[in-house]
Amino acid sequence: MLVTLRDIPADAEIASHQLLLRGGFVRRVTTGIYAYMPLMWKVLQKITSIIQEEMDAKGCLQTLLPQLQPSELWKETGRWQGYTAGEGIMFHLKDRQERELGLGPTHEEVITNIAGEILRSYKQLPVNLYQIQTKFRDEIRPRFGLMRSREFIMKDGYSFHTNEANLKSTYLDMDNAYKRIFMRCGLQTVAVDADSGAIGGAASQEFMVTAESGEDMILISTDKKYSANQEKAISEPIKAKPLAKGEPSLIETPKQTSIDSLCSIQGFDSSQIVKVLLLVAHLENGENQPLLISIRGDQELNEIKLINVFTQKTGKNIIAINSITNDQLSSQGLTQIPFGYIGPDLNDSFLNGAKTWNNKFLRFADLTAATLESFVCGANKEGKHLNFMTWKHLGGLPEKVDIRKAKAGDSCIHDTNQKLEERRGIEVGHIFQLGRKYSKALNATFTNQSGIEEPFWMGCYGIGVSRLAQAAVEQNHDESGIIWPITIAPFEVIVVVANNKESIQVELGEKIYSELIANGIDTLLDDRAERAGVKFKDADLIGIPWRIVVGRDADSGKVELVQRSDRTAELMNHASAIQKLSKEIQQAKDLSISQPL
Ligand code: ATP
Ligand code: MG
C-alpha cells in the first residue's frame, strides 16, 4: 500500500511535514489530527520498542491508563479550571449522567491517585510506571503536522519515592535512559535546563532535536558546558556603555517614542536607557494587577521569568499577561498615560479609579536596569526624557530581579570568557522533578519507617513519540526525500525490481527478498508495474536506508547495492550483497545499542 504524492501539499510549511505527507506516511484528517499509515506505524513501533527496552533496563513497569478522566481528580489538584476554561487545552465533555470528564492531556492526577491507593508503605517504594499512549490537547496553534498536533502519541512515566534523594537518583537514571533512547533513534539531541514553572525549585530538563524549524530557542555556551531553553537561560549581559558625567536634566525629545529613534536622534546607546513596560497580569484569583517593569533599553523581557518571579513574591498565580494599551486605559476609565515617555517612577495615581484593576503598580527592575549608575529614561511627560538620571533621584530602586531574556553574545555565568550561541530546537522529551505537589493535593501518602504518613516524592518523564518520528525526518532528509536512521526506518532494505515484465528480474528479486527476510532483515519488495524511474524516486522519497536494484544484470546474478544517505552504489553479486547488508545492518544496530553516551 505505497501511495506517494507528486505535489508538495499546500498546507505543509516545513520539510518533514511535506515529506511525511508526500511519502504516504500520514494523512491529515482535520486540523491537528492525523492518521498514521502503515509505513508510519512501523516507524512508531520501532521507536516504541527502543523506548520499552530502555525503560525495562531501568526497572520501569509499563501500564495503560484511561484516556477519559473524571473532573473530580483535576479539581482536587486545582487544574480543572485552568485546563478547561479560557485558553485551556483539555478536551472535555459530559456523560449521560451529566458528569464531567476530560480527555487526558497528561496523567499526573490519575496515576498519583492510583499510587496513593496501592502503595501504602515505604517497603513498596520506589516505583516507576510508564505508558505509551495517545494524548489529547486542544492546542491553540496546532501546526507542522505531528510536531504540534491535537492528538499525538506520548510516552509518559511517573515515579514515586520515599525521599528527595531517591527521586534525584531516578531522575539521573531517566536522564541517562533518555539520552540512550534518542541516540538509538539516530537523533542528535541537546539536553537543556528547562523552566519548571510555578511548581518552583524543582529541576527540569528538556531534550531538544536541533533544527532550524524548531519552535524553541535554546542557548548553548561555546564550550558546550551550559545549555538552556531561552525561557530559563541565565547569563551576563554585554556591558552597558557608560553615560558621560552630568547633572540630571530634562531633555526635549519630540516624537522620539521608541528606543531606536531616541538613540539615533540624541546619539545615545540603547544600553544607556531604562525602558519601562506597562503590563497587566490576570490572576487565578480574579485580580488584575498592573505591572511596571524597568529594563535596560537593549534587553528584552522574559515573560516566563516574570511570571515565576511574580508567583514567588506574591504567592499568586498568573493566568495571562498583556501589555497595557490606550484602549484598555479608556475602558478602565483612566486618563491617558504618555506611552513612549514613561519613567520608572510613574505615579500610582494614574491608576486611581480603575474599574477592575488594582490601583497600585507592582514594580520590578531587571538587574540590567537596576545596576546602571546613570541613565536616560522617560520623564512621564509627552515629548520629554530625563538625562543623567539615577535611582536615587527617582526616589529609589524597585525590587531588583532577573527577568531578562538571555541572548546570543551574552557571557556565561560559569565562565565569563564563554559566550552564548543561539540554536533552534524541537522538544522531544522532558524530565521533571515534581516534588510533592500532586501527592499533597491528592493526599497520596505512604507510611514511612517511623510509622508516619507522608506524601510521595514524585518525578515525571515524557517523550513525544510521534513528534520524535517527525523530528527524525526534519534532521535527516535531502532534496529527494527522507533518510531514515536505520534503527527506526520503516524497512531496512528495499528491493526494487527495475522491470517487472522480465521474469529473470522478478525471480531474482523475490529470491533476494526471501533471503533477506530469512536473515531477519526488515525488507520491502517493490515489484509494481511502474517505470524504474518512478520506483527509484519513490524509494528515495520514503527513505529506506538500503536499496537493492535488480535490473539488466540479473542474468548474471548481479545487483546494484545503493546506500540512501550518500547514494554510493556498487554492482555486485546478489549473494555478496545480502552478506554485506546483513553485516552492515547488524553493526549499525549494535553500535546504536553499545555506543557510550
Ligand atoms: P510544548 O512546550 O512543546 O507544548 P509541553 O511542555 O507541553 O511541550 P509535555 O507536557 O512535557 O510538553 O509533554 C511531553 C512531550 O510530549 C513533549 O516533550 C513533546 O515532545 C510532546 N508534545 C507535547 N505537546 C505536543 C503536541 N501538541 N503534539 C505533539 N507532541 C507534543
Ligand atoms: Mg504544550
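When a ligand or atom number is given, it counts from 1 through the structure's own listing order.
The proximity of Met154 to ligand 1, defined as any non-hydrogen pair under 4.0 Å, is limited to the side chain. In Leu146, the part holding a heavy atom less than 4.0 Å from any atom of ligand 1 is the backbone. Of the heavy atoms in Glu215, none comes closer than 4.0 Å to ligand 1.
In this structure, of Glu206, Lys135, Arg137, the residue bringing a heavy atom nearest to atom 12 (O) of ligand 1 is Arg137. The heavy atom nearest to atom 26 (C) of ligand 1, out of those in Phe136, Phe152, Phe144, is found in Phe152. With Glu427, Glu231, His430 as candidates, the residue nearest to atom 18 (O) of ligand 1 on a non-hydrogen basis is Glu427.
Residues Gln69 and Trp74 bring a donor and an acceptor atom of their side chains to less than 3.5 Å of each other. No hydrogens or angles considered: nothing links the side chains of Lys168 and His161 as a donor-acceptor pair under 3.5 Å. Side-chain polar atoms of Tyr83 and Arg137 form no donor-acceptor pair below 3.5 angstrom. One side chain, Glu474 or Ser213, offers a donor N or O that lies under 3.5 Å from an acceptor on the other. Side-chain polar atoms of Gln62 and Gln52 form a donor-acceptor pair below 3.5 angstrom. In the model, Ser71 has no side-chain atom that pairs as donor or acceptor with a side-chain atom of His92 under 3.5 Å.
Ligand-side atoms of ligand 1 in range of Gly429: 18 (O), range being under 4.0 angstrom from any heavy atom. Residue contact check: Arg148 has heavy atoms under 4.0 Å from atoms 1 (P), 3 (O), 4 (O), 26 (C), 27 (N), 28 (N) of ligand 1.
Any N or O atom pair closer than 3.5 Å counts here, and Glu139 shares at least one such pair with ligand 1. Between Ser466 and ligand 1, no pair of N/O atoms sits closer than 3.5 Å.
Ligand 1 lies within reach of Val428, whose nearest heavy atom is under 4.0 Å from it.
Phe207 and Phe182 have tilted rings, their planes meeting at an angle from 30° to 60° on a 0 to 90° scale.
Not counting sequence neighbours, the partners of His282 by the side chain to side chain donor-acceptor pair (under 3.5 Å) test are Asn288, Asn322.
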